[in-house]
K.L.:
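To start, I am sharing the structure in question, which I have written as structure tokens.
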Amino acid sequence: MPDPADDRFSNSYDMFIRGQEICSGAQRCHDPELVTQIIEKKGIEMGDGLKTYIESFRHGVSPHAGAGIGLERVVFLYLGLDNVRKASMFPRDPNRCTP
């Protein structure tokens, strides 16, 4: 969600441990008109999926936020591993996209 005082910034955050990002979070945009403006400003085509998504907001969405913790990164740091891939059960990279 853009910062109401300055739209160059967002209402979001990152949490770090020992210089490594372990969590990201943000306030979600709940205003359908603002979501539409942001999509148009970025030049994204408004397909059926986005139209349905925005239309659902017109039925009422209260202000909300969320966060996601990178559990593999926490384990990687806690155990002092030399590679974050060693903390993941199914590590992926451009050459390996499935378990």
Side-chain angles (χ1 to χ4, degrees):
M1 173 108 169
D3 184 315
D6 188 342
D7 68 0
R8 294 177 304 157
F9 301 102
S10 65
N11 290 341
S12 59
Y13 63 90
D14 294 322
M15 295 174 87
F16 292 83
I17 293 180
R18 298 184 198 153
Q20 294 287 322
E21 179 186 336
I22 61 156
C23 179
S24 292
Q27 180 182 1
R28 307 298 190 236
C29 188
H30 59 278
D31 177 3
E33 304 311 321
L34 182 56
V35 173
T36 301
Q37 288 174 11
I38 292 169
I39 289 170
E40 289 172 353
K41 185 177 179 180
K42 293 183 181 281
I44 299 171
E45 187 177 329
M46 189 80 75
D48 288 338
L50 281 176
K51 287 179 184 174
T52 303
Y53 174 73
I54 293 170
E55 187 59 32
S56 69
F57 282 32
R58 298 190 196 288
H59 298 286
V61 175
S62 52
H64 60 288
I69 297 175
L71 186 58
E72 286 93 350
R73 290 183 186 201
V74 173
V75 171
F76 157 74
L77 293 168
Y78 184 78
L79 296 177
L81 300 173
D82 63 339
N83 189 322
V84 71
R85 295 182 73 208
K86 292 180 179 178
S88 177
M89 185 174 279
F90 301 110
R92 292 185 295 270
D93 60 38
N95 296 319
R96 180 182 176 186
C97 294
T98 59

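Only a predicted model underlies this, so the values are computations on that prediction, with no experimental measurement involved. Values reported hereafter were calculated over all heavy atoms of this structure, with side chains retained and with hydrogens, waters and symmetry mates removed.
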K.L.:
Kindly check if the number of other-residue, nucleotide or ligand heavy atoms within 6.0 Å of CZ (Phe16) is above 12?
P.N.:
yes

K.L.:
More than 12 non-hydrogen atoms from neighbouring residues, nucleotides or ligands closer than 6.0 Å to CZ on Arg8, yes or no?
P.N.:
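No.
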
K.L.:
Quick one: CG on Leu50 to CD1 on Ile39, what's the gap to the nearest 0.5 Å?
P.N.:
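Result: 4.5 Å between the selected atoms.
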
K.L.:
Within a reach of under 6.0 Å around CD1 of Ile69, are more than 12 heavy atoms found that belong to other residues, nucleotides or ligands?
P.N.:
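No, CD1 of Ile69 has 12 or fewer neighbouring heavy atoms, counting only those of other groups under 6.0 Å.
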
K.L.:
Checking Arg18 side chain against Leu77 main chain: does a donor-acceptor pair fall under 3.5 Å?
P.N.:
yes

K.L.:
Side-chain heavy atoms nearer than 4.5 Å, only ILVMFWY residues, links allowed to pass through others: does that put Val84 and Leu79 together?
P.N.:
yes

K.L.:
List, by chain and number, the other hydrophobic cluster members for Met1, where Ile, Leu, Val, Met, Phe, Trp and Tyr join if side-chain heavy atoms come within less than 4.5 Å, directly or indirectly.
P.N.:
Leu34, Ile38

K.L.:
Find the distance between CD (Gln27) and OH (Tyr13) and round it off to the nearest 0.5 Å.
P.N.:
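Going from the CD atom of Gln27 to the OH atom of Tyr13 covers 11.5 Å.
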
K.L.:
Taking the side chain as every heavy atom from C-beta outward, state whether Pro4 and Asn11 have any atom pair closer than 4.5 Å.
P.N.:
yes

K.L.:
Mind checking whether Met46 and Thr36 have side chains closer than 4.5 Å, heavy atoms only?
P.N.:
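Of all side-chain heavy-atom pairs linking Thr36 with Met46, at least one is under 4.5 Å.
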
K.L.:
What verdict does the salt bridge (Lys or Arg N to Asp or Glu O under 4.0 Å) test give for Lys86 and Glu72, after you've listed the backbone C-alpha separation in whole Å, the side-chain angles of each residue and the deciding distance to 0.1 Å?
P.N.:
CA-CA 9 Å; Lys86 292 180 179 178; Glu72 286 93 350; over 6 Å; no

K.L.:
So with a 6.0 Å cut-off around CG of Asp6, is the heavy-atom count from everything else above 12?
P.N.:
yes

K.L.:
Check whether Ser88 reaches the backbone of Arg85 with its side chain - one donor and one acceptor, N or O, closer than 3.5 Å.
P.N.:
no

K.L.:
For Phe57 and Pro32, which heavy atoms make the closest approach, and how far apart are they?
P.N.:
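Looking at all heavy atoms of both residues, the shortest contact is CB-CB, 3.9 Å.
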
K.L.:
To the nearest 0.5 Å, how far apart are CG in Asp7 and CD in Gln37?
P.N.:
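Going from the CG atom of Asp7 to the CD atom of Gln37 covers 10.0 Å.
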
K.L.:
Under the rule for side-chain hydrogen bond (donor to acceptor under 3.5 Å, both in side chains), what residues qualify as partners of Lys51, not counting sequence neighbours?
P.N.:
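Scan of Lys51 (side-chain hydrogen bond (donor to acceptor under 3.5 Å, both in side chains), adjacent residues dropped) gives none.
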
